[in-house]
Engineer: 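Handing you a structure now.
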Protein chains: 2
Amino acid sequence: MARSDSRYREAFNRMLDRCAVLSVGAPLPPEAALGAEIGVSRTVVRRCLARLTEAGVIAWDGRQKHVLRHPAAADRIALGGVSADRDQLEQRFLDWILRFDVPPDTPLSVAELARNFEVAQHELKEFLAGLSRFGLVARRPQGGWMLRGFTKDFAVELSDFRLVLELDAVAKLVEAAPDHPVWPRLAALREAHHALAGRIETEFHAFSKLDEAFHDAVNSVVRNRFVTEFQKVISLIFHYHYMWDKTHEKQRNAAAIAEHLAIIDALEARDAPRAAEAARQHLRTSKSTLLSSLRHHDLG
Amino acid sequence: MARSDSRYREAFNRMLDRCAVLSVGAPLPPEAALGAEIGVSRTVVRRCLARLTEAGVIAWDGRQKHVLRHPAAADRIALGGVSADRDQLEQRFLDWILRFDVPPDTPLSVAELARNFEVAQHELKEFLAGLSRFGLVARRPQGGWMLRGFTKDFAVELSDFRLVLELDAVAKLVEAAPDHPVWPRLAALREAHHALAGRIETEFHAFSKLDEAFHDAVNSVVRNRFVTEFQKVISLIFHYHYMWDKTHEKQRNAAAIAEHLAIIDALEARDAPRAAEAARQHLRTSKSTLLSSLRHHDLG
DNA sequence: TCAACGGTTTTAAATAATTTAGGACAAGAA
DNA sequence: TTCTTGTCCTAAATTATTTAAAACCGTTGA
């Protein structure tokens with residue numbers, strides 16, 4: 001009928017813990033102090049105090065409140081299932097779209113999705129509203145939501161946008177101070193790339209993670225909330241598509257490693273034009289890989 | 001108690017119109033056909049038919065349904081106030097923040113905002129969820145929303161991001177085909193700029209709109225949903241700040257006109273480096289204007 | 001005397017319940 | 001057989017209700 005009282009339940013248990021460390025007969029701090037301590041409003045504190053009184057753990061009369069006995073395990077109240085946090089929803093949602101290859105223009109049922117992901121409907125709606133800013137989903141005129149999906153257009157525009165952002169990052173990186181923390185990161189990445197190149201015959205699957213780490217490092221020099229927000233989506237999408245398209249995976253990954261190393265070389269040489277050109281080349285490859293993986297999906 | 005039936009009300013009135021053009025005794029099309037015609041589901045159609053029968057406008061028995069009399073004006077049902085559309089909400093919300101200079105870290109009351117803007121609470125929540133992707137608002141841990149607001153950091157990051165997008169647009173524009181529709185637009189804008197420059201003593205306020213039109217034209221060559229989405233927010237924010245900061249407005253606008261013309265010159269000459277440099281110069285000015293307007297607000 | 005604390009009330013946010021709309025399926029008429 | 005309607009089920013929109021937060025005010029005790 002109404003909202004859950006999990007906030008109260010959790011607060012009550014924490015209040016029990018609070019009483020456990022006090023000796024019998026000791027006074028409790030004022031309501032406001034307890035609220036601040038537990039991170040909850042006075043209203044909740046008072047509800048908890050009332051229950052503690054009822055359970056005989058404390059005596060409470062106005063300002064006089066002191067511990068009567070130490071709380072037992074039986075005094076605790078069970079709290080409902082832990083709700084999954086917000087960030088995970090994003091991961092799981094994109095995972096669902098990409099892994100099950102949901103086609104574009106699919107109507108999305110908020111009710112069904114909320115059930116599957118085990119989140120409240122309004123949370124999912126909020127999430128979709130956020131995604132709609134990226135053009136990944138849209139509202140339908142009759143109501144409800146629709147997946148605009150990973151069409152060819154989407155992939156092209158995403159890749160183009162990524163190119164713009166990443167070229168900017170590369171340009172900034174070349175100008176970065178010598179003591180910038182990105183340089184050790186790049187050096188470590190260079191080693192990791194060389195190491196993987198040596199084991200490419202057997203471990204080419206490990207490249208996907210390395211790719212993510214590389215682009216993350218490059219973009220780390222750009223301190224911009226808009227860029228950061230986009231990178232999250234971009235990296236997820238490219239990450240999954242890497243895992244998908246199994247055609248010539250070994251060759252592709254070997255080539256990508258070489259491209260990454262070329263970028264690192266140019267960056268460490270502080271050669272802006274060469275770095276830009278290397279990045280452009282790599283993203284061109286990336287884009288065509290993304291597009292070809294979409295074509296495979298269209299056909300199959 | 002439940003959702004509004006405005007969809008049904010509107011459909012009913014349109015159904016009346018539909019009957020009015022039929023002669024008395026004529027049969028009505030099947031339910032599905034009516035639904036398609038009016039753009040509504042069969043459920044609604046059947047509700048309307050039931051009411052029409054009750055009102056004696058039609059006779060309805062299974063497949064037999066025909067007009068009994070022409071509908072009168074009294075048959076219509078009044079429909080509730082027209083709900084404002086979604087796009088306007090965005091405008092009005094940003095308008096509110098900027099015009100009333102809501103400080104950063106203000107808690108936003110969904111209930112109050114919904115009242116003021118005369119929209120349903122959940123619509124506003126959806127909207128806020130969308131904005132949170134741009135980092136303009138954020139959820140508070142205890143629940144509710146908070147305006148992160150136009151801090152200095154926000155302005156800097158926004159300007160930087162704008163620079164990245166716009167330099168890309170300029171680069172693309174230089175490469176645009178000679179018959180691209182952007183060229184006539186730029187030519188018209190050049191005239192408009194010259195015209196305003198002549199009247200700058202008295203009509204410098206008109207520049208804000210011209211600025212918007214100029215940047216819109218430049219960005220029109222980039223066909224990218226992500227860029228488009230951002231431009232909407234960017235142009236709104238810069239637009240309002242132009243209107244605010246009244247210090248040296250005339251000189252600033254005159255200077256900006258010159259900067260715009262320099263960009264147009266370089267673009268029409270297809271001189272990529274010069275165009276980029278001119279754009280960079282203009283956006284630098286823009287950024288410092290935005291920042292100084294924020295400083296004024298901090299002090300006052 | 002005043003500052004801190006608690007009682008009370010007002011208001012908002014979260015969420016379940018309720019109502020309307022959409023769509024699927026089956027049965028029946030043409 | 002095919003189109004149409006009757007019926008039912010599910011989902012989305014929207015309100016109502018419950019919980020939480022916060023403001024206000026009186027009172028107590030140092």
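So that the names make sense, note that chain A is the first sequence line, chain B the second, and so on, each numbered from 1. Quick caveat: nothing in here was measured; it's all calculated off a predicted structure.
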Engineer: If you define the side chain from C-beta out and look only at heavy atoms, does anything of A:His122 sit under 4.5 Å from B:His122?
Structural biologist: no
Engineer: Please confirm whether the shortest side-chain N or O distance from A:Lys65 to OP1 or OP2 of C:dC5 is below 4.0 Å.
Structural biologist: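 Negative; the distance criterion is not met.
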Engineer: Would you say D:dA21 has OP1 or OP2 under 4.0 Å from some side-chain N or O of A:Arg7?
Structural biologist: yes
Engineer: Apply ring pair (Phe, Tyr, Trp, His ring centres under 6.0 Å) to A:Phe12 and list each qualifying residue two or more places apart in sequence or on a separate chain.
Structural biologist: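 If we apply the ring pair (Phe, Tyr, Trp, His ring centres under 6.0 Å) test to A:Phe12, skipping adjacent residues, there are no hits.
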Engineer: How many Å lie between CZ on B:Arg9 and P on C:dT19, as a whole number?
Structural biologist: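 Nearest whole value for this atom pair: 16 Å.
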Engineer: Pull out every residue in residues 22-31 of chain A that has a heavy atom closer than 4.0 Å to any atom of DNA chain D, ordered by number, or say none.
Structural biologist: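 Close to the strand, none.
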Engineer: Using a cut-off of 4.0 Å between protein heavy atoms and nucleotide atoms, how would you tag nucleotides 23-30 of chain D 5' to 3' with B, S and -?
Structural biologist: B---BB--
Engineer: With heavy atoms under 4.0 Å as the rule, sort A:Ala111 into base, sugar-phosphate or nothing.
Structural biologist: sugar-phosphate
Engineer: Using whole Å, report how far CG of A:Leu49 lies from C1' of C:dG7.
Structural biologist: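 From A:Leu49 CG to C:dG7 C1': 13 Å.
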Engineer: Is the phosphate of D:dG6 approached by B:Arg46 (side-chain N or O, under 4.0 Å from OP1 or OP2)?
Structural biologist: yes
Engineer: Does any part of the side chain of A:Met146, heavy atoms only, come nearer than 4.5 Å to the side chain of A:Pro107, both counted from C-beta?
Structural biologist: no
Engineer: Out of C:dT15, C:dG22, D:dT15, which nucleotide sits closest to the side chain of B:His122?
Structural biologist: D:dT15
Engineer: Give the ring-plane orientation class for A:Trp96 versus A:Phe117, where under 30° counts as parallel, over 60° as perpendicular and anything between as tilted.
Structural biologist: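 Plane angle over 60°, so perpendicular.
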Engineer: Rounded to whole angstrom units, what separation is found between the CZ atom of B:Arg140 and the C1' atom of D:dA21?
Structural biologist: 9 Å
Engineer: Measure from CD on A:Gln121 to C1' on D:dA13 and round the result to the nearest Å.
Structural biologist: 10 Å
Engineer: Per the side chain to side chain contact (heavy atoms under 4.5 Å, CB included) rule, which among B:Leu131, B:Leu158, B:Leu128 passes with B:Leu136?
Structural biologist: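 For B:Leu136, the side chain to side chain contact (heavy atoms under 4.5 Å, CB included) test succeeds with only one of B:Leu131, B:Leu158, B:Leu128, which is B:Leu131.
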Engineer: Is the distance from OP1 or OP2 of D:dA12 to the nearest side-chain N or O of A:Lys125 less than 4.0 Å?
Structural biologist: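 False: A:Lys125 side-chain N/O out of range (4.0 Å or more) of D:dA12 OP1/OP2.
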Engineer: 5'-most contact on DNA chain C: B:Arg47 or B:Arg115, nearest heavy atom basis?
Structural biologist: B:Arg115
Engineer: Would B:Arg139 pass as a cation-pi partner of B:Trp145, given that its NZ or CZ must be under 6.0 Å from the six-membered ring centre and within 45 degrees of the axis?
Structural biologist: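 Yes, a cation-pi geometry.
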Engineer: Hey, does the side-chain of B:Thr43 have a donor or acceptor N/O within less than 3.5 Å of a partner on the base of C:dG22?
Structural biologist: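 Flag set: donor-acceptor pair detected.
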Engineer: Looking at the rings of A:Phe154 and B:Phe226, which for Trp means the six-membered one, are their centres under 6.0 Å apart?
Structural biologist: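 Distance test on ring centres: under 6.0 Å, yes.
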Engineer: Nearest-Å distance, CD (A:Glu112) to P (D:dA12)?
Structural biologist: 9 Å
Engineer: Establish whether the base of C:dA12 is bridged to the side chain of B:Ser109 by a donor-acceptor pair shorter than 3.5 Å.
Structural biologist: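 By the distance-only test, no, there is no pair.
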Engineer: Identify whether the distance between the nearest side-chain nitrogen and carboxylate oxygen of A:Glu126 and B:Lys125 falls below 4.0 Å.
Structural biologist: no
Engineer: With a 4.5 Å cut-off on side-chain heavy atoms, are B:Ile58 and B:His66 touching?
Structural biologist: no
Engineer: Tell me: CD of B:Glu123 to C1' of D:dT15, nearest whole Å?
Structural biologist: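 It works out to 14 Å between those atoms.
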Engineer: With rounding to the nearest 0.5 angstrom, report the CZ to CD distance, B:Arg223 to A:Glu157.
Structural biologist: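 Rounded to the nearest 0.5 Å, the CZ-CD separation comes to 9.5 Å.
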Engineer: Could you tell me the separation between the CD1 atom of A:Ile77 and the P atom of D:dT19, rounded to a whole number of Å?
Structural biologist: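 Nearest whole value for this atom pair: 13 Å.
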Engineer: CZ of B:Arg139 versus P of C:dA13: gap in Å, rounded?
Structural biologist: 10 Å
Engineer: Select base, sugar-phosphate, or nothing to describe what A:Leu108 touches, counting heavy atoms under 4.0 Å on all strands.
Structural biologist: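 Sugar-phosphate, backbone atoms only, no base.
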